[in-house]
Amino acid sequence: MSKEKFITLQSTAVPLAVENIDTDQIIPARFLKATTREGFGENLFRDWRYDVDGKPKAEFVLNKSTFSGKILVAGKNFGCGSSREHAAWALYDYGFRVIISSFFADIFKNNALNNALLPVQVSDAFLKNIFSAIEKNPSAIIEVNLENQFVKLPDGAKESFEINPYKKACMINGYDDIDYLLSLNSEIKEFDLTQ
Amino acid sequence: MTKPKTLFDKIWDAHVVKQKEGYPDVLFIDRHFIHEVTSPQAFDGLRKRNIPVFNTKRTTATADHNVPTKDQHLPIKEALSRHQVETLRKNCAEFGIELYDLGHPFQGIVHIIGPELGLTLPGMTIVCGDSHTSTHGAFGNIAFGIGTSEVEQVLATQCVLQYKPKTMRIEVNGNPGRGVLAKDIILYIISKISASGATGYFVEYAGSAIEALSMEARMTICNMSIEMGARGGLIAPDETTFNYIRGRKFAPQGEAFEQQVKQWKQLKTDEGAAYDKVLTYDAADIAPMITYGTNPGMGIRVTDRIPTAEELKEISEKTSFSKSLEYMGLEPGTSLLGQPVDYVFIGSCTNARIEDLRLVASIVKGKKKSPNVEVWVVPGSKQVEEQARKEGLDKIFESAGFELRSPGCSACLGMNEDKIPAGKYCISTSNRNFEGRQGPKSRTFLASPLSAAAAAITGKVTDVRELL
């Protein structure tokens, strides 16, 4: 089934300079009770975004009018912990299409790629540059170019990023893994019999 | 001569259906476990495509994450939770999948029931929409957590698309000291390599201290592999493994079992096989452990002080460190010994097996809990609960003032009714101390079942060795 296609994106970004952001922070377990994929954006970063009475916390970046955009820039080891794909759904539902960090947890990375949310891994030094560019100018436009695999800042500073060619093709064409696996059905059936 | 291979490589290579340049491997999955939280959207995907489950015999379901641990015979009170469990029932019935529902004698935490039913066997590939699937690796198989899109892949095709991770060998040799359990060994390892130190790797645990462990203890070790970022962890099967599996409900029986054992004995890393990384630890350096921060890598020996920001190696970690201590309401450079606790949680896929309950009972017997703590003992499965009652452990817990509940994930994840209130301290045998993990603003100390039991008696963080 086709997903949203991703080729290149130019957007302002939201900075979240915290390391080891686990998926329990992205979407706490008590909001995992839905049986569909939609609507999780409402509770994205719930306990950082709202206090216990549901009042928005002014100091949290998503509640600051200064910052907005389709790119979230976060500290290293983003998405660690629970395998809940709801974390990727929540980020996407909120409106993010790219997460930039200097390191991603494995399961989160797969989940993001399976949901048209592009994880972009840059060096620690470049991540610092991005944070300071946004801090200097919250309306700075950052370019994430998947086709040519680079991130570009307004001052022209550029860094390339890695992505597996298969996953890249899936993102650009909006393919999903099941289409590919289903095309191997007879080979898998034979394999199953040998197990 | 063929190139020597690691155990991980042997199992992986034996399950690759298709390998194609530039593509991830198509990995065949022998055993798939599902539960109510991460499967509904996957079944919806099958419906949308109008396709059946590829092989219903390879998937087993249970309800564990979002279930109450009290009055399980009554309808679930909370509407959304009830709907999620009912959706699992409906999906399993519609697609023909075996479900161990609430009230079934085999129900329990998914990673506890797989091994105890003999569904988890050496040499397999095992997945589940849950990161603690790594638990099953204790039997010498490749077991890892997946997301819901991947659950759908497995239901539809019995395969997942995966890149082969790098391999790491973690060796622990020698004899751990008094009061040191498997939980302390793994918390120690994670404190050494950090919450992200094994990301991109699959770990093989080895060494004399690992070989000496029971299956229950090995499961505790493998369970927390994900807490250092590893996709999974495994231990080569041996006599301990075979003895555990022998006679289990769905394991091969009689002659078929003996034949299997002959094959399982081949499941070990070849002499001279290369790992991408090797780490070695001395068990004698390990003491009862406890975490002080908000990720499982922030652990210390219970007798050590919390580090100060200056003592941290990486400058970048310092901001997270202060944020973490502030959340926990703790001061750098101080000792946790004597720190009052409000709740004690003994449960989860990390430490809710019969051996864990026996250990707790062993030091609680004849004692009473401290009046300022609430203590929940949540067995990992109906079978564990039954066994505990048969051995009279329920009586020991009852007279100590502990509450013995019904099986489920309970207070490990702050999803079902069992939550730790805001600001309260909980010493917990579970696996994660993330902010709000056990309930909004709850504060978690991860520790072993013995350390948790000691805190239940004294009402504060205690060096369990004083009670032994």
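So that the names make sense, note that chain A is the first sequence line, chain B the second, and so on, each numbered from 1.
A distance-only check finds no donor-acceptor pair linking the side chain of B:K441 to the backbone of A:D47 [under 3.5 Å]. Checked by atom type and distance alone, the side chain of A:Q195 never pairs as donor or acceptor with a backbone atom of B:D30 at under 3.5 Å. In this structure, A:E85 contributes its side chain and B:S149 its backbone to a donor-acceptor pair below 3.5 Å.
For residues 52-73 of chain A, no pair satisfies side-chain hydrogen bond (donor to acceptor under 3.5 Å, both in side chains), with sequence neighbours left out.
For the pair B:R49 and A:D179, the salt-bridge criterion is met [side-chain N within less than 4.0 Å of a carboxylate O]. Ion pairing of A:R37 with B:D44 is absent here, as no side-chain N (NZ or NE/NH1/NH2) approaches a carboxylate O to less than 4.0 Å.
Listed here is the closest heavy atom pair of B:Q41 and A:H86: NE2-NE2, 4.2 Å. Between B:V26 and A:Y180, the closest heavy-atom pair is CG2-CE2, 4.0 Å. The two residues B:C159 and A:L181 make their nearest non-hydrogen contact at O-CD1, 3.7 Å. The heavy-atom pair separating A:I107 from B:G147 by the smallest distance is CG2-N, 4.4 Å.
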Report task. For the pair B:T199 and A:F104, evaluate side-chain contact (heavy atoms from CB on, under 4.5 Å) and give the outcome as yes or no after the intermediate values. Result -> CA-CA 8 Å; B:T199 304; A:F104 287 94; over 6 Å; no
Query - Stepwise side-chain contact (heavy atoms from CB on, under 4.5 Å) check, B:F144 with A:D106 - result: CA-CA 11 Å; B:F144 56 91; A:D106 287 331; over 6 Å; no
**Report entry** Test side-chain contact (heavy atoms from CB on, under 4.5 Å) applied to B:Q158 and A:K189, step by step
**Finding:** CA-CA 9 Å; B:Q158 206 56 45; A:K189 280 218 161 97; over 6 Å; no
**Report entry** Pair A:W48-B:E435, side-chain contact (heavy atoms from CB on, under 4.5 Å): steps then yes or no
**Finding:** CA-CA 10 Å; A:W48 288 359; B:E435 282 185 31; 2.9 Å; yes
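B:E78 touches chain A through its side chain: at least one heavy atom from C-beta onward sits under 4.5 Å away, while N, CA, C and O do not. Interface remark: B:V154 contributes no atoms to any contact with chain A (heavy atom separation under 4.5 Å). Within the 4.5 angstrom heavy-atom criterion, no atom of B:A422 approaches chain A. Using a 4.5 Å cut-off between heavy atoms, B:I226 touches chain A through its side chain atoms alone.
Note: A:N164 CG to B:Y163 OH = 2.5 Å, rounded to the nearest 0.5 Å. The distance from the CG atom of A:N20 to the OG atom of B:S194 is 7.5 Å, given to the nearest 0.5 Å. For the atom pair CG (A:L182) and OG1 (B:T157), the distance works out to 6.5 Å, reported to the nearest 0.5 Å. In this structure, CD in B:E150 is found 9.0 Å from OG in A:S83, a value given to the nearest 0.5 Å.
Proximity of B:Q153 to A:D176: side-chain heavy atoms (C-beta onward) are nowhere separated by under 4.5 Å. Contact of the B:F54 side chain with the A:N185 side chain is registered, since non-hydrogen atoms from C-beta on lie closer than 4.5 Å. A:E19 has its side chain out of reach of B:S196: every pair of non-hydrogen atoms, C-beta onward, lies at least 4.5 Å apart.
Taking non-hydrogen atoms and a 4.5 Å limit, the residue list of residues 80-89 of chain B in contact with chain A, ordered by number, reads B:L80, B:S81, B:H83, B:Q84, B:T87.
Residues satisfying the side chain to side chain contact (heavy atoms under 4.5 Å, CB included) test with A:K158, not counting sequence neighbours, are A:F150, A:K152. Legend: residues meeting side-chain hydrogen bond (donor to acceptor under 3.5 Å, both in side chains) with A:N114, ordered by chain and number and at least two apart, are A:K167.
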